[in-house]
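Start at 1 and go down the list; that is how both ligands and their atoms are numbered. Values in this document were obtained by computation on a predicted structure and should not be read as measured data.
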Amino acid sequence: MDQVEEIRSKIDLVAFISETVVLKKAGRNFKGLCPFHNEKTPSFMVSPERQIWHCFGCGKGGDAFGFLMEIERIEFGEALRLLAKKTGVVLQSYRPSQSESEKDKLLQINSLASEFFHFLLLNHRAGKKALEYILRRGVSKESLVKFKLGYAPAMWDVLQQFLVNKKGYSLDEVEKAGLIIKSDKKIKSYYDRFRDRLMFPLSDHRGGIVGFAGRVLDPQAKEAKYVNTPETILYHKSELLYPLNITKEEIKKENCAMVVEGELDAISSYQAGLKNVVAIKGSALSEEQSRLLKRFGENLVLALDADVAGDMAARRGIEIADKAGLNLKVLSLEKYKDPDEAAQKDPAYLKQSYQQAESIYDFFLDSSFKRFRGVTSEEKKKIGQEIVPILAKIEDEIVKNHYIKQLSDRLAVNEEAIIIQIEKNEVKIQPTLPVKSKVVEPVKNRRQIFEEYFLALVFQSKEFDQLSDLDNLILEPAYLKIGQQLKNYLTENKKFSTQFFFKYLPAELADAYNKLYLVDFGDLIEDKDWVNKEIQKTKFQLETLWVKEELQKTFRQLQEKKNQPQESPELNQKVLDLTRKLGDLEKRTFGL
Ligand SMILES: [Zn+2]
């Protein structure tokens, strides 16, 4: 057995996928909402027998490796390494690709830099001022260690010295990690990007440090409050959620994430007991962040700035999260400027506000009425301009209707007026809606559907006696071959094993075979009587279909041979025979 095979055999695919997707049992299979496209009814299937998954919505499918590659957007090599680690298989001859080794190297560099900064903050006199500052800001010593906070000293090349001279990395590598910057003035001269800053290491959800955020200590300083790692091969701002690697389990447990704006908001909320927190760095959720969050919970409580309703970027982010199928609520902190301040001064209030978070649409309405009153016709117009586009995008008609009514009540105008405005808006937004390209599975004809159903019944129930006469029943070449291979297999082997038979099959039949295990019969597949009846029914249908097809063929031949009557007796006889057969079949079908 090669190592890939060994790893595959050690993974329970249902348990593995359940770490990311909520799966429910559906007969022999498991079903869930596809993590790769947006859907509200499950079309994502996992077959424990075949150890494969397939989505009937977007057409994606594969094994454990394929799932991991797709969900983490990584190459095969990285998936192999992750799964080897998970299953305790020691890889013998594995050579990482160039981009993998490069990523690895940058992760090591970031990790060393983080240790360096952390050491300086906690143990070195250079970090004393920063340590005093952050403790004064209310971050506990325990949190400093947990979140690995650090300090970058006010010097131009101290990190460069450490990583290049002491640890032996090249300037080019350290620059690629985003930690040093090439100087314009002197050729081949670099300086440290982060100087005199409190350092927050930024990890991806698996814990690898992909970048840093550096915050000034002096709030009066002229420099930018935050400096971040630029986009590198590791760090992508739109994908990062801080500190998801630490809070993801809590988010899973609560089925909810509290979303804040900055690193300190996240740490303070965590200290206050709201451990299911992530920071998005800014006010707008990206598509990648929404998709990532959805893997850990279905609900979001947004604790963003109060002016979020007027902020177009934030509204766009809310739309994205809504489209991703996340339920959104908004926490409003009336008394404090941000979650950090609330957590420091009044943790109980923050928790209470979290519990009482209101629906996103109530929030939009309240916020708009607070700003524009809604008494004069001009004010009403302003509220309408802000709220109507939001209502127009609500997908659920009942929810939409509820808020139309609310708005009409509060504005004291009739609902029709609002509905007309919404319709005008829908016309306006429609042309710009992105056209989603969907992988469409080839349309199957009636015969293919019956054939697949029939073989799926036989294989899932292991009623192989039913396959004794395949002629006339199965015509699709791939299915016909699978049937013939099964006959051969059963003469050579006493017992049928899904896995052994899969290996026995030629590779080009693998897909067709796997699909047979994804047909969803629910619990009925366990019911022997039902299975046998269903097999008989499908057999009759296939036979009937065959007779009808043959009849049509013969009729066509008769037409063609109109001018040569000497050929016709045989064909005429054939028509008679087939018609009789059809009659017999119909009689038998009625007997069922
Ligand atoms: Zn899908």
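At a threshold of 4.0 Å, the pair Glu249-Lys275 does not count as salt-bridged, since none of the basic side-chain nitrogens sits closer than that to a carboxylate oxygen.
Scored by the ring pair (Phe, Tyr, Trp, His ring centres under 6.0 Å) test, Phe200 finds no partners at all (sequence neighbours excluded). Judged as a salt bridge (Lys or Arg N to Asp or Glu O under 4.0 Å), and not counting sequence neighbours, Glu298 has no contacts. For Asp523, there are no salt bridge (Lys or Arg N to Asp or Glu O under 4.0 Å) partners, not counting sequence neighbours.
For the Zn ion (ligand 1), the set of protein N/O/S atoms nearer than 2.8 Å consists of Cys34 SG, His37 ND1, Cys55 SG, Cys58 SG, ordered by chain and number.
In summary, the aromatic rings of Phe44 and Phe56 are positioned with their centroids too far apart to meet the 6.0 Å limit. Not less than 6.0 angstrom separates the ring centroid of Phe500 from the ring centroid of Phe496.
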